Amino acid sequence: MRIFLEQKRYQLLNMPNKIIIAIDGYSSCGKSTLAKSLAAKLAYVFIDTGAMYRAVALYFLRNNIDFDNEAQIVKALEEIKLNFVYNASSLKSDMVLNGENVEAEIREMRVSEKVSEVATIGPVRDFAVAQQQAMGEYKGIVMDGRDIGTVVFPTAELKIFVTADPAIRVERRFLELQITNPTIRKEEIEANLQHRDLMDTTRERSPLKQAEDAIVLDNTNMTREEQFNLALSWALAKIG
Ligand code: DC
């Protein structure tokens, strides 16, 4: 966290008129790719908030935390320290859980299967949102998630709601996961995405929904470059 704040202070001195860019949308529709490239172009900090929920889910799984036991959850959250550390090869930050780099492990299917459930838990959301808001204190940040434009930064200068055709999302996720897991099946991915969409949109606390002032970006028929150029033009218009 201290590294972020120092980075932010540095940016504040060097780049006036910085904004907050909130990117929300369904799982696997290209939010992180877009957020990462926008942040790199603007020299902003990129925060993948899904990674924070994934790291909490991983801790809960490793420590057999009962998702229905609030006292146990609150105690567990006191033991969790989340940090991001920059990875020069992926040009993004890796998730660090209590000093351990868990970037690869939090992307595994066993975490994906449980993370949406963990993200419905009130104390978990309070824990994550407080840290996310602190990271945005000095602006100059691109944050992606489900509730960034609605709850974390309701006054963000630019809000983008990303969507894509479900079949395209499955295909993209399949290609991504196949690299590390050649035996993964498309049906498994499709079921997981459907489950997560349902959990994310119907949960009581901060469900995934488009903020009223968000711009919708449907990237079904766009290349990454087209999507990036469009979002960058919106960002530059806001930055002035
Ligand atoms: O973006 P992702 O697929 O890595 O996110 C993992 C899960 O975390 C997703 O199922 C929903 C949840 N999430 C959330 O509830 N709020 C956020 N701001 C980010 C993610």
Side-chain angles (χ1 to χ4, degrees), residues 20-36 39 45-61 67 73 77 80 82 84 90 92-95 97 102-136 141-154 156 159-164 166 168-170 172-174 176-177 180 184 188-211 214 219:
I20 291 179
I21 303 177
I23 303 185
D24 289 304
Y26 297 94
S27 303
S28 301
C29 61
K31 299 183 304 295
S32 291
T33 308
L34 174 63
K36 179 173 122 173
V45 172
F46 159 53
I47 302 292
D48 167 8
T49 60
M52 299 171 74
Y53 290 97
R54 285 172 178 272
V56 172
L58 177 63
Y59 183 93
F60 284 8
L61 287 172
F67 296 174
I73 286 167
L77 290 171
I80 298 178
L82 299 182
F84 287 98
S90 64
K92 73 179 273 285
S93 295
D94 286 352
M95 186 76 241
L97 167 64
V102 290
E103 183 58 32
E105 203 172 342
I106 59 169
R107 309 289 164 191
E108 287 175 4
M109 214 50 177
R110 77 180 185 113
V111 174
S112 296
E113 277 166 2
K114 293 289 173 207
V115 63
S116 289
E117 207 179 324
V118 170
T120 64
I121 301 170
V124 171
R125 300 211 70 84
D126 294 339
F127 170 84
V129 168
Q131 295 180 47
Q132 291 154 11
Q133 288 174 334
M135 291 171 193
I141 193 163
V142 186
M143 193 173 273
D144 89 77
R146 305 293 188 287
D147 58 344
I148 311 305
T150 51
V151 174
V152 181
F153 296 124
K159 299 180 187 178
I160 303 176
F161 191 83
V162 186
T163 66
I168 293 279
R169 290 165 55 208
V170 171
R172 288 177 185 159
R173 188 88 182 127
F174 178 63
E176 192 180 298
L177 285 178
T180 49
I184 191 111
E188 205 181 333
I189 295 170
E190 189 174 13
N192 178 251
L193 286 189
Q194 283 172 357
H195 171 70
R196 287 206 281 150
D197 283 357
L198 186 70
M199 295 284 282
D200 293 348
T201 52
T202 57
R203 70 178 174 226
E204 209 175 301
R205 279 280 307 266
S206 322
L208 166 64
K209 64 171 191 243
Q210 186 192 326
N219 65 27

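No hydrogens, no waters, no symmetry mates; every other heavy atom, side chains included, goes into these values. Since this is a predicted model, take the numbers as computed values, not measurements. Just so you know, ligand 1 is whichever comes first in the structure, and atom 1 is the first atom listed for that ligand.
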Counting from 1, what ligand 1 atoms have a heavy atom of A119 closer than 4.0 Å?
12 (C), 15 (O)
What residue and heavy atom of the protein are closest to atom 1 (O) of ligand 1, and at what distance?
R146 NH1, 3.0 Å
Could you walk me through whether R54 and D48 pass the salt bridge (Lys or Arg N to Asp or Glu O under 4.0 Å) check?
CA-CA 10 Å; R54 285 172 178 272; D48 167 8; over 6 Å; no
If you measure every N or O of D144 against every N or O of ligand 1, does any of those distances drop under 3.5 Å?
no
Atom 10 (O) of ligand 1 sits nearest the protein heavy atom S116 OG, 2.7 Å
Considering only protein heavy atoms, which is closest to atom 3 (O) of ligand 1, and at what distance to one decimal place?
R196 NH1, 2.7 Å
Could you tell me which atoms of ligand 1, counted from 1 in the order shown, lie closer than 4.0 angstrom to a heavy atom of V115?
6 (C), 7 (C), 8 (O)
Are the charged groups of R110 and E105 less than 4.0 angstrom apart, N to O?
yes
Can you check whether T49 has an N/O within less than 3.5 Å of an N/O in ligand 1?
yes
Output yes when the distance from some N or O of ligand 1 to some N or O of Q132 is under 3.5 Å, and no in every other case.
no
Per-atom contacts, ligand 1 versus G145 - under 4.0 Å to a heavy atom:
17 (C), 18 (N), 19 (C)
Where L97 and A55 come nearest, the two heavy atoms and their spacing
CD2-O, 3.8 Å
In this structure, atom 4 (O) of ligand 1 is nearest to the protein heavy atom R54 NE, 2.7 Å
Between E103 and K92, is there a side-chain N and carboxylate O pair less than 4.0 Å apart?
yes
Compute whether any side-chain donor of one residue and acceptor of the other, for R146 and T201, lie under 3.5 angstrom apart.
no
Residue part near ligand 1, for R205, under 4.0 Å between non-hydrogen atoms:
neither
One finds that the ligand 1 atoms under 4.0 Å from a non-hydrogen atom of D200 are 9 (C), 10 (O), 11 (C)
Taking only Lys NZ, Arg NE, NH1 and NH2, and the carboxylate oxygens of Asp or Glu, determine whether R203 and D147 approach each other closer than 4.0 Å.
no
Checking side-chain contact (heavy atoms from CB on, under 4.5 Å) between K31 and each of I148, V162, I160, T49, which is the one that passes?
V162
Atom 18 (N) of ligand 1: the protein heavy-atom neighbour that sits closest, reported with distance to 0.1 Å
D147 OD1, 2.8 Å
Locate the shortest heavy-atom distance separating S116 from M199; write the atom from each residue and the value.
CB-CB, 3.7 Å
Students should be able to answer this: which protein heavy-atom is nearest to atom 16 (N) of ligand 1, and at what distance?
R125 NH2, 3.0 Å
Near Y26 OH, under 6.0 Å, is it more than 12 heavy atoms from other residues, nucleotides or ligands?
no
